[in-house]
Amino acid sequence: MVGSKEKSKEKRDKRLQEISLLRTIPYSDHQRWWTSETVAVVTGANRGIGFEMVRQLAGHGLTVILTSRDENVGVEAAKILQEGGFNVDFHRLDILDSSSIQEFCEWIKEKYGFIDVLINNAGVNYNVGSDNSVEFSHMVISTNYYGTKNIINAMIPLMRHACQGARIVNVTSRLGRLKGRHSKLENEDVRAKLMDVDSLTEEIVDKTVSEFLKQVEEGTWESGGWPHSFTDYSVSKMAVNAYTRVLAKELSERPEGEKIYANCFCPGWVKTAMTGYAGNVSAEDGADTGVWLALLPDQAITGKFFAERREISF
């Protein structure tokens with residue numbers, strides 16, 4: 001087991017070194033579908049991975065809107081980047097508050113008219129280290145899953161129609177995988193439903209998280225086959241992963257010139273406040289795949305799950 005862990009770490013470290021090298025290679029003119037007028041929105045971006053994605057996107061020449069639930073903290077975060085010469089704007093956004101979302105949309109329409117990229121980074125987790133509790137499961141599911149859906153639904157009408165397509169990138173986690181060594185899901189019925197892409201619907205995903213929350217309230221979740229570590233967070237990201245596939249399928253039916261491409265990615269165990277700074281990946285490395293997905297020249301990629309710039313299974 002130790003040998004396996006060491007090999008896994010060596011493989012990951014090697015891949016991160018490769019990515020660090022790739023980041024030093026600038027995009028060529030024919031790859032750059034964006035300009036300084038291309039508008040990207042990053043939610044929950046006052047620190048950590050979100051802040052780093054804003055910095056990297058702005059570094060590539062996009063106009064980036066940094067959002068945060070805490071206005072004072074968000075203003076200061078944006079100011080740091082503005083003073084560094086980056087084209088970064090700020091607006092308060094609480095993805096759990098419908099009035100906040102509406103106000104944000106109206107501001108976007110008035111100031112920019114549209115957006116081209118939406119990165120959903122805002123999220124919460126109340127379990128750190130080996131702790132596991134479902135005490136805050138309603139808040140975790142509401143924020144990570146329903147909050148993400150809320151802002152996506154609000155932003156889609158504002159996404160610019162263009163031949164290169166608009167992009168939605170959802171920050172998620174390997175903890176939400178349905179199979180593979182990171183998957184801790186034991187409920188075979190749930191796994192079967194969420195893996196059946198042809199039959200998968202938003203209603204099925206909603207029903208899955210509702211069933212989980214119901215079992216939490218009844219105190220039966222442990223025998224329900226749900227993950228036994230980072231339980232509520234894992235279920236929330238499992239739902240985001242499934243929803244990303246549903247969303248991508250729906251958006252792929254749009255006519256040419258109105259396409260929106262949706263993907264999700266796992267940044268890894270990043271050294272941020274959410275992990276109690278116990279992670280093994282820097283915020284810079286963790287943000288990389290999200291930025292890479294947002295800027296992909298091959299815009300036809302959609303409904304996929306990535307980590308370290310590589311597609312992984314759901």
On a heavy-atom basis, which atom in [X] and which in [Y] lie closest, and how many Å separate them?
X: D232; Y: V134; result: OD2-CA, 4.0 Å
X: F90; Y: A78; result: CB-CB, 3.8 Å
X: D285; Y: R23; result: OD1-NH2, 2.9 Å
X: M159; Y: R167; result: CE-O, 3.4 Å
X: G290; Y: M53; result: CA-SD, 4.2 Å
X: A294; Y: I119; result: CB-CD1, 4.3 Å

Quick check: is [Y] connected to [X] through a chain of hydrophobic side chains (ILVMFWY, heavy atoms under 4.5 Å apart)?
X: V64; Y: L296; result: yes
X: V190; Y: F230; result: no
X: L57; Y: L118; result: no
X: V216; Y: M139; result: no
X: V41; Y: Y261; result: no

Within a 6.0 Å radius of atom CD on E311, are there more than 12 heavy atoms belonging to other residues, nucleotides or ligands?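 More than 12 within 6.0 Å, yes.
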So with a 6.0 Å cut-off around CD of E218, is the heavy-atom count from everything else above 12?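 Above 12, so yes.
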Side chain proximity check, [X] to [Y], heavy atoms < 4.5 angstrom:
X: E284; Y: Q56; answer: yes
X: L16; Y: V281; answer: yes
X: L251; Y: K259; answer: no
X: F104; Y: M155; answer: yes
X: L295; Y: L62; answer: yes
X: L175; Y: P227; answer: no

May I ask you to decide if [Y]'s main-chain N or O and [X]'s side chain share a donor-acceptor pair within less than 3.5 Å?
X: H91; Y: L66; answer: no
X: T289; Y: A307; answer: no
X: T143; Y: V124; answer: no
X: N263; Y: G303; answer: yes
X: Q82; Y: V88; answer: yes
X: E258; Y: P255; answer: no
X: D116; Y: T38; answer: no
X: R69; Y: L93; answer: no

Supply the atom-to-atom distance [X] [atom1] to [Y] [atom2], rounded to the nearest 0.5 angstrom.
X: H228; Y: E222; atom1: NE2; atom2: CD; result: 6.0 Å
X: E52; Y: R55; atom1: CD; atom2: CZ; result: 4.0 Å
X: T302; Y: K304; atom1: OG1; atom2: NZ; result: 9.0 Å
X: E188; Y: L178; atom1: CD; atom2: CG; result: 10.5 Å
X: N46; Y: E71; atom1: CG; atom2: CD; result: 12.0 Å
X: I152; Y: T148; atom1: CD1; atom2: OG1; result: 6.0 Å

Are I141 and Y146 close enough, and set up right, to give a side chain to side chain contact (heavy atoms under 4.5 Å, CB included), and what steps lead you there? CA-CA 7 Å; I141 296 293; Y146 288 110; 3.8 Å; yes
Is R174 salt-bridged to E308, cutoff N-O under 4.0 Å?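 The answer is yes: the pair qualifies as a salt bridge.
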I'd like to know if E106 and K109 make a salt bridge, using a cut-off of under 4.0 Å between side-chain N and carboxylate O.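 Salt bridge: no.
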Would you please name every residue forming a salt bridge (Lys or Arg N to Asp or Glu O under 4.0 Å) with K111, sequence neighbours left out?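 Here the qualifying residues are D89.
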Output, in order, the C-alpha distance, side-chain angles, deciding distance and verdict of side-chain hydrogen bond (donor to acceptor under 3.5 Å, both in side chains) for N87 and T63. CA-CA 5 Å; N87 191 9; T63 295; 2.8 Å; yes
Can you check side chain to side chain contact (heavy atoms under 4.5 Å, CB included) on E76 and K79, steps first, answer last? CA-CA 5 Å; E76 288 303 312; K79 191 180 295 182; 3.5 Å; yes
Look at the rings of W107 and Y112 and say which category their plane angle falls in: under 30° parallel, 30 to 60° tilted, over 60° perpendicular.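 Correct class here is perpendicular.
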Do the rings of W226 and F212 sit parallel, tilted or perpendicular, given the 30° and 60° boundaries?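 Correct class here is perpendicular.
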Could you walk me through whether N241 and T244 pass the side-chain hydrogen bond (donor to acceptor under 3.5 Å, both in side chains) check? CA-CA 5 Å; N241 290 348; T244 301; 5.5 Å; no
Among N144, N121, N120, which one satisfies side chain to side chain donor-acceptor pair (under 3.5 Å) with N170?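 One option only clears the test, and that one is N120.
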Ring centres under 6.0 Å, that's the criterion: do W34 and Y27 meet it?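 They qualify: ring centres under 6.0 Å apart.
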Mind checking whether F265 and F306 have ring centres under 6.0 Å apart?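 No, the ring centres sit 6.0 Å or more apart.
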Among K249, K149, K207, find the one that has a salt bridge (Lys or Arg N to Asp or Glu O under 4.0 Å) with E202.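 Running salt bridge (Lys or Arg N to Asp or Glu O under 4.0 Å) over K249, K149, K207 with E202 returns exactly one hit, K149.
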State, without any angle test, whether S28 and Q31 hold a side-chain donor-acceptor pair at a distance under 3.5 Å.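 Looking only at side-chain atoms, Q31 and S28 do form a donor-acceptor pair, the distance falling under 3.5 Å.
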Checking side-chain polar atoms at under 3.5 Å, does R177 have a donor or acceptor matched by the opposite partner on S313?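 Side chains of R177 and S313: pair found under 3.5 Å.
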Worked verdict on K7 versus E10 for salt bridge (charged side-chain N to carboxylate O under 4.0 Å, His left out): CA-CA 5 Å; K7 287 180 181 178; E10 286 177 8; over 6 Å; no
Can you check side-chain hydrogen bond (donor to acceptor under 3.5 Å, both in side chains) on D131 and Y126, steps first, answer last? CA-CA 9 Å; D131 296 341; Y126 293 93; over 6 Å; no
Has R245 got its NZ or CZ under 6.0 Å from the middle of the six-membered ring of F314, at an angle within 45 degrees of the ring axis?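 Relative to the ring axis of F314, which defines the angle, R245 lies inside both limits.
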Dump the intermediate steps for side-chain hydrogen bond (donor to acceptor under 3.5 Å, both in side chains) on D97 and S99, then the final yes or no. CA-CA 5 Å; D97 184 347; S99 62; 2.6 Å; yes
Show the numbers, then the answer: is there a side chain to side chain contact (heavy atoms under 4.5 Å, CB included) between L200 and K193? CA-CA 7 Å; L200 189 61; K193 286 180 180 177; 5.9 Å; no
Would N127 and S133 count as a side chain to side chain contact (heavy atoms under 4.5 Å, CB included) if you check the C-alpha gap in whole Å, the side-chain angles of each, and the deciding distance to 0.1 Å? CA-CA 7 Å; N127 291 309; S133 167; 3.7 Å; yes
